[in-house]
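Just so we're clear, the structure is a prediction, and the values are computed from it rather than from any experiment. Below, chains carry the letters A, B, ... as their sequence lines are ordered, and counting in each starts from 1.
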There are 2 protein chains.
Amino acid sequence: MLEVFKKYINDKTSLPEEDLNEILSYAIIKKLRRRQFLLQEGDIWRYNAFICSGFVRTYSVDDKGTEHIMNFSPENYWTGDRESLTNETPSKFNIEALENTEVLLIKKQDFEMLCKKIPLFNNLINNILHKSFLTSQSRIHSSISQSSEDKYNNFVLKFPTIANRVPQHMIASYIGISPETLSRIRSQATKK
Amino acid sequence: MLEVFKKYINDKTSLPEEDLNEILSYAIIKKLRRRQFLLQEGDIWRYNAFICSGFVRTYSVDDKGTEHIMNFSPENYWTGDRESLTNETPSKFNIEALENTEVLLIKKQDFEMLCKKIPLFNNLINNILHKSFLTSQSRIHSSISQSSEDKYNNFVLKFPTIANRVPQHMIASYIGISPETLSRIRSQATKK
DNA sequence: TAAAAACGTTGACATTTGTCAAGAGTTTTT
DNA sequence: AAAAACTCTTGACAAATGTCAACGTTTTTA
């Protein structure tokens, strides 16, 4: 369980054993069953969260009750709500386990302290932020420039494992189209 | 000219004078006239760029010749193409001055060296990345959950000065709708 | 194992949006 | 000052997408 996190850190950077152990000493383990929530709209998010196993989604619900998926986070990825964490404001999002999931949590203050104390860890975290930013940019570019069909193909191309792991209507939600439209796009594509 | 940058840094962090001067010693000043390019598609972007005065836009051009605006960067903001800079791959984007513009450039290697050498500067830069990420997330959420009209209102609300500074069709491009649709949305809105 | 919930598909129809073309007003360039 | 380029609007029409409802299938839950 902690092994997953250790392996992740060791793959990403050469952190001394003792630093890694210090980080782990602040880790809180949380197990979620399918459909359980890690965060609910209106609550303030106060952690950094690493998915050791399983799979979660981050989504909002609008006035009409429609869900909009901001993110999928499988094992070896981080999740959370940066906005709520930073500003200490109620979150607009829900984070829900799509499968039974094990999460490693580190409290905001502990996390900040660790970043200050361990520069290599700080670098690692900033690298992740950097990658997340690039991913966001790519998604924005897709959203303003591509057709629905291209958005879907692009999604499957970039996230093949996720595409195979979630129901189709969640992909539709992620790319911002209705499930019916996605269904039609797919059936038309196979005719070709 | 350099004063703008100095003021920016001093407003954001309390950096010793000598550190600031070291940073400035690597600065390259570039002046752009309206419609001149800071970066052209296909070139590799090798700098970090701070806009001291003026205004630029980052956009791509698709197969049909349609432009898609990724970003507006007025004075006191950073610009560039992080993807091209990081991976040293040809950029998909153009960065063009919308007004006569003064840019402060720092070469990638110099910039990285400065970040390593001056932790406060590193923190500042990571804070900017953090804010950029939050802005991206907000734009993504808008793009998957809002109607065109709401996207427009949201844009004007969040970036009132930019909305007043650029032609309408560029706002349309930024939010991912056609200029005609935006024109109609606006005219219908005023009827209410 | 029976009931309930979730999932994907399809049809019918309404709504939104894009496309193309024209024109009037404005700004920029020469 | 005239010409050119740009900007926004509008109409007519086509294309894309959303909505609602129904249905069969699969998966989950009790």
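Remark: the A:Arg184 side chain and the C:dG8 base include no donor-acceptor N/O pair separated by less than 3.5 Å.
A:Gln188 has its CD atom 11 Å from the C1' atom of D:dT17, to the nearest Å. A:Asp150 places its CG atom 15 Å from the P atom of C:dG18, with the value rounded to the nearest Å. Whole-Å rounding puts the B:Glu180 CD to D:dA12 C1' distance at 13 Å. Atom CD in B:Gln146 sits about 12 Å away from atom P in C:dT17, given to the nearest Å. D:dC8 atom C1' lies 14 Å from atom CE of B:Met170, rounded to whole Å. Atoms CZ (A:Arg186) and P (C:dT10) sit 11 Å apart, rounded to a whole Å. To the nearest angstrom, P of C:dG8 lies 9 Å from CG of A:Leu182. Rounded to an integer number of Å, the gap from CD of A:Glu149 to C1' of D:dT17 is 14 Å.
Nearer the 5' end of DNA chain C, as judged by each residue's closest nucleotide, is the contact made by A:His169, out of A:His169 and B:Ile185.
Applying the side chain to side chain donor-acceptor pair (under 3.5 Å) rule to pairs touching residues 100-109 of chain B yields B:Lys31-B:Glu102, B:Ser53-B:Glu102, B:Glu88-B:Lys108, sequence neighbours excluded.
Checked against D:dT17, D:dT28, D:dT10, the side chain of A:Arg34 finds its nearest nucleotide in D:dT28. Here C:dG18 is the nucleotide among C:dG18, D:dT19, C:dT9 with the atom lying nearest to any side-chain atom of B:Ser178. Of the candidate nucleotides C:dA6, C:dT9, D:dC8, C:dA6 has the atom nearest to the side chain of A:Arg35. Closest approach to the A:Thr181 side chain among C:dC7, D:dG18, C:dG18 is made by D:dG18 (side chain taken as heavy atoms from C-beta onward). If you check C:dA6, D:dC8, C:dT19 against the side chain of B:Lys64, the one that comes closest is C:dT19.
At the phosphate of C:dT17, OP1 or OP2 sits under 4.0 Å from a side-chain N or O atom of B:Ser148. Close to C:dA6, at under 4.0 Å from its OP1 or OP2, lies no side-chain N or O of A:Gln168.
Note: B:Phe37 and B:Tyr59 have tilted aromatic rings, judged against thresholds of 30 and 60 degrees for the angle between ring planes. Using the six-membered ring where Trp is involved, A:Tyr47 and A:Trp45 have ring planes that are perpendicular, over 60° apart on the 30 and 60° scheme. Using cut-offs of 30° and 60° on the angle between ring planes, the pair B:Phe121 and B:Phe111 is perpendicular.
By the 6.0 Å and 45° rule, B:Arg139 stacks over the aromatic ring of B:Tyr174.
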